[in-house]
Structures are given as structure tokens and as C-alpha cells.
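Counting from 1, the numbers follow the sequence of the chain as shown.
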Amino acid sequence: MTEQQVRTGRRAVRLPAATGEAPPDGARKTAKAEAGGRKRADAVREAVLQAALECYGVFGYDGTSTRAVADRANVTHTLVLYHFRSKEDLWIAALDKALASYEEAISPILDGNEGMCPGIRLRHFIEQFVRFSARYPQIHRIMTMEGNQDTPRLEWVIDNHLRAHYEKVRDLIRRAQDEGTVRDCDATRLYYFIVGSAGTLFTLSTEYKALTGRDVFSETEILRNLAFLYEIVFVAT
């Protein structure tokens, strides 16, 4: 200690890292390792969810196993079960993630834009739905299979995603019909026509290309199919 410290009885104290001093090397390495571990875990989770969508879309729920998903994601079966406790949990997580991303993109159209007329909003909805179907053709395949079965999975997706979506789009169709921009018909039938027409081409993309020579995922074909949908749904002005 210095002579002044002896006289005053004070001891020099090292300031803590929070005041600006760099943390010890060990702490830095630990934080870096933890961040790296989280990134790897997130990457594994994303790979598993994408693989699950692909497997459920091709083989259905009954034809898919968590081992098959692990093989497709190129990870161990143990890692799949670490992140998702069961095949049903994995199904729900995969659908939830994909549908949540869609709802985030579509909510400004269905919930906002009060200054925009219903017909224009419906056009924007149709375009977003077509592009979502092109990005996630597995969703339409999965829901085609699940929609014919009375299962807890169908009940879950209806309660958590489909019912609110159906009601919002149906009501938007009715408002567009009231303003005279959409053909006069049963709004529910038109809802299912839009959803079915938008999704089926991407679901049957291989067949479509074999018969027509066209790539349904190309921007040109997407725009042509959008124009055709608009022709059927909207009243010519």
C-alpha cells in the first residue's frame, strides 16, 4: 500500500468490468461459446423444422417418423427429440412457424389498411396467398391430407390459425361484393376457390410441368396465374 493509503486506512479497489474494464479472458470465452452454442442450436432447429415440413408434405403424418426427419435434416435423432419431444410436437411446431410467418405478412392486409377499398385489399390478399403457396407448397399438401381427417392436429390448426383467417377473408370478400368489385356468389365458396386455386398448382407442380412444360414457380407463371384468378374473382369494369 502507499503511504497515503496507510494514513487513511483506505485500500485501492479494482473497478468492476461494468464500469468499462474488459471482462477476464475466461468470461469472454464463455460468453462467446454460449453465443455460438445458441446459434448452432437455432440452426439445428431451423433445419429440423424445414425437414419436417418436407416429410409431412410428402409422406403425411402417419408416414413420417422423427428418424426420417433427422435423416433429411442431416442431424442425429437424439437432437430432434431434444428440440421436439414427439412427432406431434414437431408437426405442430413446423406448421406453427410457417403459418405464423404467413400471418405476419398478411395481417396488414386483413387487419389494417382501413383507407384502402375492400376490392384492392382482396387483390393484395390473393397475391400474398399465391406467393406464400409458392414458398411453402408443403402446407397445402399437408392441409389437403389433414383436412379429410378428424384429428387433434386438425382441431389445433383450425383453432390456432384457420378459423380466424377464414372469417377475416370471408368478411373481406363480402365487403368487396357490397362495393360491387367482386362477383356475387357465396363468400365461403369463393374463399375456398381462391385458396384451392392458389395452392393446387404448386401442390401438383411436377404434374403441371410434365403436362404443360411450364414451371409454376417461375415469376412469369405466378403473374399469369394471378391475372387469371383476378379475372374470375373480380367484376370487369
Side-chain angles (χ1 to χ4, degrees), residues 42-64 68-75 90-110 119-148 153-154 157 161-162 165-166 168-169 172-173 182 189-234:
D42 290 345
V44 168
R45 184 181 174 87
E46 289 299 310
V48 171
L49 288 174
Q50 182 59 38
L53 268 186
E54 293 168 2
C55 288
Y56 289 129
V58 173
F59 306 113
Y61 181 81
D62 291 333
T64 296
V69 172
D71 289 343
R72 194 174 190 91
N74 197 28
V75 300
L90 178 56
W91 187 94
I92 288 173
L95 267 289
D96 196 39
K97 182 178 185 298
L99 292 175
S101 70
Y102 162 72
E103 287 161 2
E104 183 179 358
I106 211 75
S107 62
I109 297 170
L110 298 181
I120 297 298
R121 288 170 64 189
L122 187 60
R123 282 179 181 269
H124 288 328
F125 160 74
I126 292 172
E127 179 176 4
Q128 286 296 321
F129 190 83
V130 167
R131 293 191 180 280
F132 171 78
S133 299
R135 193 161 59 252
Y136 292 107
Q138 304 92 344
I139 296 294
H140 195 76
R141 295 173 187 142
I142 291 169
M143 291 314 303
T144 298
M145 290 183 273
E146 293 292 334
N148 291 316
R153 297 184 303 279
L154 179 61
V157 78
H161 293 284
L162 295 188
H165 178 267
Y166 156 72
K168 289 176 183 179
V169 178
L172 180 58
I173 290 171
V182 170
R189 295 185 192 281
L190 189 55
Y191 166 84
Y192 273 99
F193 171 80
I194 293 169
V195 169
S197 299
T200 298
L201 289 178
F202 302 107
T203 300
L204 303 177
S205 57
T206 303
E207 174 189 310
Y208 185 83
K209 188 169 187 177
L211 293 177
T212 66
R214 303 170 188 165
D215 177 9
V216 73
F217 295 100
S218 70
E219 182 65 11
T220 298
E221 199 65 11
I222 286 174
L223 292 175
R224 286 174 176 168
N225 286 322
L226 273 172
F228 183 68
L229 265 174
Y230 292 158
E231 269 187 56
I232 296 174
V233 171
F234 294 95

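Note that the CD1 atom of Ile194 and the CZ atom of Arg189 stand 14.5 Å from one another [nearest 0.5 Å]. Atom CG of Leu53 is separated from atom OG1 of Thr64 by 10.5 Å, given to the nearest 0.5 angstrom. Atom OG of Ser133 is separated from atom CD of Gln138 by 11.0 Å, given to the nearest 0.5 angstrom. Atom CD of Gln128 sits about 9.0 Å away from atom NE2 of His124, to the nearest 0.5 Å.
Listed here is the closest heavy atom pair of Pro108 and Ala105: CD-O, 3.4 Å. Shortest non-hydrogen contact noted between Met145 and Tyr56 is CE-O, 3.3 Å.
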- Message: Go through it in stages, so that I can follow the logic: the residues are Asp71 and Asn74, the test is side-chain contact (heavy atoms from CB on, under 4.5 Å), and I'd like the CA-CA distance, side-chain angles, deciding distance and then a yes or no.
- Response: CA-CA 5 Å; Asp71 289 343; Asn74 197 28; over 6 Å; no

- Message: Quick one, Leu90 with Leu49, criterion side-chain contact (heavy atoms from CB on, under 4.5 Å). Give me CA distance, side-chain angles, the key distance, then yes/no.
- Response: CA-CA 7 Å; Leu90 178 56; Leu49 288 174; 4.3 Å; yes

- Task: Apply side-chain contact (heavy atoms from CB on, under 4.5 Å) to Leu226 and Arg123, showing your working.
- Result: CA-CA 9 Å; Leu226 273 172; Arg123 282 179 181 269; over 6 Å; no

- Query: Does the side-chain contact (heavy atoms from CB on, under 4.5 Å) test come out yes or no for Val195 and Tyr166, once each step is laid out?
  - Reply: CA-CA 10 Å; Val195 169; Tyr166 156 72; over 6 Å; no

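Side-chain contact check for Tyr208 versus Thr200: every heavy-atom pair is 4.5 Å or farther apart. Inter-residue side-chain proximity for Val169 and Phe129 is flagged as unmet; no heavy-atom pair is nearer than 4.5 Å.
Counting heavy atoms of neighbouring residues, nucleotides and ligands inside a 6.0 Å radius, atom CD of Glu104 does not exceed 12 of them. Residue Tyr230 qualifies as enclosed at atom OH: its count of foreign heavy atoms under 6.0 Å is above 12.
Using a 3.5 Å distance cut-off with no hydrogens or angles, the side chains of His165 and Tyr102 do pair a donor with an acceptor. The closest side-chain donor-acceptor pair between Glu54 and Gln50 falls under 3.5 angstrom.
Between Phe202 and Phe217, the ring planes lie tilted relative to each other; the angle falls in the 30° to 60° range. Between Trp91 and Tyr61, the two ring planes are perpendicular [angle over 60°; tilted spans 30° to 60°].
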